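Scroll down for the structure; my scribbles are underneath it.
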Amino acid sequence: MWLYNTKSRTKERFEPLVPGCAGLYCCGPTVYNFAHIGNLRTYVFEDTLRRTLKLNGYKVNHVMNITDVGHLESDADDGEDKMEKGARREGLDVWQLARKYEEAWLVDMRRLNIERPEVICRATEHVDDMVALVRRLEEQGLAYAATDAVYFDTSKFPRYADLARLDLRGLQMGGGGRAQEQEEKRNHNDFALWFTNKPRHIMQWDAPWGRGYPGWHVECSAMSMRYLGETIDIHCGGVDHIPVHHTNEIAQSEGATGKPFAHYWLHGAFLIIKGDQGDDGFVKMAKSGDNFLTVSVLADRGYDPLAYRYLCLQAHYRSELKFSWETLDAAQQGLRRLYALRPTNDPLTDDARYADARAEALEAINDDLNAPMLLGVLNRYASYRLWTEFDQALGLDFAKRAVDRDDELPADVASLVAERNAARKAKEWARSDDLRARLIDLGYDVGDSPQGTTVKKRLG
Ligand code: AMP
Ligand code: ZN
């Protein structure tokens, strides 16, 4: 398998730490609101990675966190905690809010046929691990305490700019507009590891630096190490995580352990949607925007959630995807045609031909998860057998949905089929042709197979 590694900006062959196994950490949802279909695009991409690893025979250990504390409105430690703001909006306490949206997220994941990661871990249940990590950083001289927080000192971590290829020149402290309490930061990019002296914050824990709560970035480092070890194979997220969140995760993790944190960094591009203020351009779908769609909204409008999954798979995960109702309509039509495929008349019954087609399909998906190319191969062969095998990577629920429904034919259609089979057996060709015409009039495509008459409801 070849994967595009953000760290090197090239496609690299996947070589796991332990042969046959793949450890995967994916940044999960902040549970203060419903996940929108943009967030879910990222989880579909990560699920495609997970499924492709499995298709290639790897035993996958996939960890995803639930951010239920500490994610402030801005990635740069500014603003209010998203959870507390959400709780106020809904008149719930923060714990109730977290459970409500965690549940809703799990439902959305299931509706999109996203496999459940082996570990789903909540930040609030791993605060001890985070405190221990911050202590380690302090011991290494990489953290310093200020009145409002313990900060990571980015000037002590020379590789800080590497992942995002940041240009750190010209970024100085004390710039205008910064919240007063952050004046104590030593360097522009320093970030909070542990917030202190926030008496109004509801979720608080004891720690050596005073009661408080963890910074958002530290949670992923601590939980990744807890479940997957100090160095892991693959770490994923959306592209927005490259310059701050993942950059900070690397600094804290590698600063503490002296080891590489993750070998492969994979990032999914955004789902974008037409701007809503008379704007002709497309903008990122965001929870703070008005153009935020959920799986439930799609379902209420009559769409199969898997039509959205199919739409996601039609774009490469590293390309932006423009959402529109027209493209979703087309995806739903495509999915219906796909589910109409039947095991009879499979063009790839010959084993040698099947092996060639299979190699072609595998090469497509193993080339940095090129799902659109794989779909091209599968649609070209239109083989039930090939679809069944590669749907393991695509997750369109093909085998279950594309069942042979001939036994569910309406009674009148079934009796015409039986009559036609009898007529053909008796070599009554004129009568057989007449019965075929009647089935076509009823909206069926009619075929002849060694087993007899086949009928398929015409689509559209
Ligand atoms: P959040 O719940 O806001 O922490 O985001 C969860 C995941 O969704 C992260 O990996 C983000 O990078 C990703 N994400 C946010 N907005 C979009 C979008 N418009 N398209 C694709 N992924 C997104
Ligand atoms: Zn993370």
Side-chain angles (χ1 to χ4, degrees), residues 6 24-49 63-75 81-83 85-86 97-98 101-102 104-106 108-109 112 114 117 120-123 126 130 133 163 191 214-228 232 234-253 261-262 265-275 282-294 308 311-312 315-323:
T6 303
L24 178 62
Y25 186 95
C26 300
C27 294
T30 307
V31 282
Y32 67 106
N33 206 335
F34 293 108
H36 58 61
I37 58 172
N39 301 128
L40 288 156
R41 180 189 184 201
T42 294
Y43 305 131
V44 166
F45 136 60
E46 292 160 351
D47 186 56
T48 309
L49 170 61
V63 178
M64 197 180 268
N65 63 293
I66 303 273
T67 299
D68 51 0
V69 64
H71 194 170
L72 304 194
E73 285 171 286
S74 142
D75 280 359
D81 185 320
K82 292 183 180 188
M83 295 297 297
K85 197 173 171 196
L97 182 88
Y101 288 114
E102 180 185 315
W105 172 73
L106 286 168
D108 287 343
M109 297 279 278
L112 289 173
I114 293 172
I120 295 181
C121 43
R122 297 177 181 140
H126 295 78
M130 300 174 208
L133 184 62
L163 178 76
F191 55 92
W216 169 44
H217 317 296
V218 81
E219 78 172 71
C220 287
S221 293
M223 290 192 277
S224 179
M225 289 188 206
R226 148 86 39 200
Y227 294 103
L228 295 166
I232 72 165
I234 309 174
H235 195 116
C236 299
V239 281
D240 52 332
H241 286 346
I242 300 170
V244 182
H245 184 51
H246 288 168
T247 287
N248 292 351
E249 282 186 36
I250 291 174
Q252 329 162 116
S253 309
F261 180 42
W265 288 86
L266 269 61
H267 292 99
F270 285 145
L271 180 76
I272 54 177
I273 186 164
K274 233 180 171 92
F282 279 73
V283 295
K284 172 193 170 189
M285 185 174 288
K287 284 185 190 169
S288 52
D290 300 330
N291 47 17
F292 151 172
L293 295 171
T294 60
Y308 178 64
L311 179 65
C312 289
H316 190 270
Y317 78 88
R318 285 194 291 116
S319 306
E320 282 188 335
L321 172 59
K322 285 183 178 165
F323 178 84

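All ligand and atom numbering here is 1-based and tracks the order in the structure. Computed from a predicted model, the values in this text were never measured in an experiment.
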Between Trp265 and His245, is the ring centre distance below 6.0 Å?
no

Does Val31 form a side-chain contact (heavy atoms from CB on, under 4.5 Å) with Met83? I'd like the steps, not just the answer.
CA-CA 7 Å; Val31 282; Met83 295 297 297; 4.2 Å; yes

Strictly by modelled atom types, are Asn65 and Tyr25 linked by a side-chain donor-acceptor pair under 3.5 Å?
yes

Please lay out, stage by stage, how His36 and Phe323 fare under the test ring-ring contact (aromatic ring centres under 6.0 Å, His included).
CA-CA 12 Å; His36 58 61; Phe323 178 84; over 10 Å; no

Consider side chain to side chain contact (heavy atoms under 4.5 Å, CB included). Of Thr42, Leu321, Val44, Leu293, which one does Leu271 pass it with?
Leu321

Heavy atoms from other residues, nucleotides or ligands near NZ of Lys85 exceed 12 (cutoff 6.0 Å)
no

Arg318 atom CZ, neighbour heavy-atom count above 12 within 6.0 Å:
yes

Exercise answer, ligand 1 polar atom pairs (N/O) under 3.5 angstrom:
from, atom 1, to, atom 2, distance (Å)
ligand 1, 2 (O), Thr30, N, 3.1
ligand 1, 2 (O), Lys287, NZ, 3.1
ligand 1, 4 (O), Thr30, OG1, 3.2
ligand 1, 5 (O), Asn39, ND2, 3.3
ligand 1, 8 (O), Asn39, ND2, 3.0
ligand 1, 10 (O), Gly238, N, 3.2
ligand 1, 12 (O), Gly238, N, 3.2
ligand 1, 12 (O), Asp240, OD1, 2.4
ligand 1, 12 (O), Asp240, OD2, 3.4
ligand 1, 19 (N), Leu271, O, 3.2
ligand 1, 19 (N), Met285, O, 2.8
ligand 1, 20 (N), Gly38, O, 3.4
ligand 1, 20 (N), Leu271, N, 2.8
ligand 1, 22 (N), Gly38, O, 3.0
ligand 1, 22 (N), Thr42, OG1, 2.7

So, His235 and Glu249: side-chain donor and acceptor under 3.5 Å apart, yes or no?
yes

For Tyr43 and Met109, indicate whether the former's side chain and the latter's backbone hold a donor-acceptor pair under 3.5 Å.
no

I need the protein N, O or S atoms closer than 2.8 Å to the Zn ion (ligand 2), given as residue plus atom name.
Cys27 SG, Cys220 SG, His245 NE2, Glu249 OE2

